[in-house]
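This structure is a prediction, so every number in the text was calculated from the model and none was measured.
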Amino acid sequence: MHYVLLYDVVDDMVTRRAPYREEHLQLIREAHARAEIVMAGAVGDPVDGALLVFRAESAEVAERFAKADPYVKQGLVTRWKVKPWTVVAGQ
């Protein structure tokens, strides 16, 4: 199954994320190496959110990622949610 993790973020996210960016990217790299994250990235110009696509047996994998993410822990993510994603094209 696939799940999307959707983030709404604070204004001026690009500047405010700097102290936590490396830790955030490390979590992404580790989840990608475990084949949990398929792809991830910021959304908008200027950035107003993020989208992370997970391949997992349950939504718990994405939820666990969000709870460990320094962007969430430091209040840079104002709201997050996980939704199942039904893929109709692509892998």
Side-chain angles (χ1 to χ4, degrees):
M1 295 224 24
H2 286 88
Y3 296 89
V4 293
L5 172 57
L6 303 163
Y7 281 171
D8 293 332
V9 299
V10 296
D11 292 337
D12 198 24
M13 177 62 168
V14 172
T15 302
R16 294 176 64 185
R17 72 184 178 190
Y20 315 104
R21 187 158 170 73
E22 186 52 41
E23 184 183 354
H24 167 77
L25 293 175
Q26 183 63 34
L27 286 178
I28 289 175
R29 286 190 290 267
E30 291 169 358
H32 186 261
R34 292 189 301 271
E36 294 171 350
I37 287 183
V38 177
M39 64 182 101
V43 176
D45 186 16
V47 173
D48 63 1
L51 178 107
L52 298 89
V53 178
F54 288 79
R55 183 180 302 123
E57 293 297 316
S58 74
E60 183 181 338
V61 173
E63 292 166 358
R64 190 171 50 243
F65 179 93
K67 291 174 184 173
D69 190 342
Y71 290 178
V72 172
K73 292 173 22 174
Q74 296 300 323
L76 301 177
V77 173
T78 59
R79 182 174 154 218
W80 63 270
K81 60 185 168 183
V82 175
K83 292 185 169 191
W85 185 32
T86 304
V87 178
V88 296
Q91 295 184 7

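- We find the CG-CD distance between Asp69 and Glu23 to be 8.0 Å, quoted to the nearest 0.5 Å.
- For Arg64, the salt bridge (Lys or Arg N to Asp or Glu O under 4.0 Å) test picks out Glu60, with sequence neighbours left out.
- If you chain together hydrophobic residues whose side chains sit under 4.5 Å apart, Val47 and Leu51 never meet in one group.
- In this structure, Arg79 places its CZ atom where only 12 or fewer heavy-atom neighbours from other residues, nucleotides or ligands lie under 6.0 Å away.
- Under the 4.5 Å side-chain heavy-atom criterion for Ile, Leu, Val, Met, Phe, Trp and Tyr, Val10 and Leu5 are members of the same hydrophobic cluster.
- Between Phe54 and the choices Tyr3, Trp85, Phe65, the ring-ring contact (aromatic ring centres under 6.0 Å, His included) rule is met once, by Phe65.
- With values rounded to the nearest 0.5 angstrom, Glu30 atom CD is found 11.0 Å from Leu25 atom CG.
- With sequence neighbours left out, the salt bridge (Lys or Arg N to Asp or Glu O under 4.0 Å) criterion links Glu63 to no other residue.
- In terms of heavy-atom proximity, Leu27 sits nearest to Ala68 at CD1-O, 3.5 Å.
- Residues His2 and Val87 come closest through the heavy atom pair ND1-CG2, 3.5 Å.
- Taking hydrophobic clusters as Ile, Leu, Val, Met, Phe, Trp and Tyr residues chained together by side-chain heavy-atom distances below 4.5 Å, Val77 shares a cluster with Ile37.
- Val43 and Tyr20 fall into different hydrophobic clusters, where Ile, Leu, Val, Met, Phe, Trp and Tyr residues are linked whenever their side-chain heavy atoms come under 4.5 Å apart, directly or through other members.
- Transitive grouping of hydrophobic side chains (ILVMFWY, heavy atoms separated by less than 4.5 Å) keeps Val53 and Ile28 in distinct clusters.
- Val88 belongs to no hydrophobic cluster, as no Ile, Leu, Val, Met, Phe, Trp or Tyr side chain comes under 4.5 Å of its own.
- Counting heavy atoms from C-beta outward, Leu76 and Met13 have side chains that approach closer than 4.5 Å.
- Taking every heavy atom of both residues into account, Ala40 and Leu52 meet most closely at CB-CG, 3.7 Å.
- Few gaps surround CD on Glu22; more than 12 heavy atoms of other groups in view lie less than 6.0 Å from it.
- The CZ atom of Arg55 sits 14.0 Å away from the CZ atom of Arg34 when rounded to the nearest 0.5 Å.
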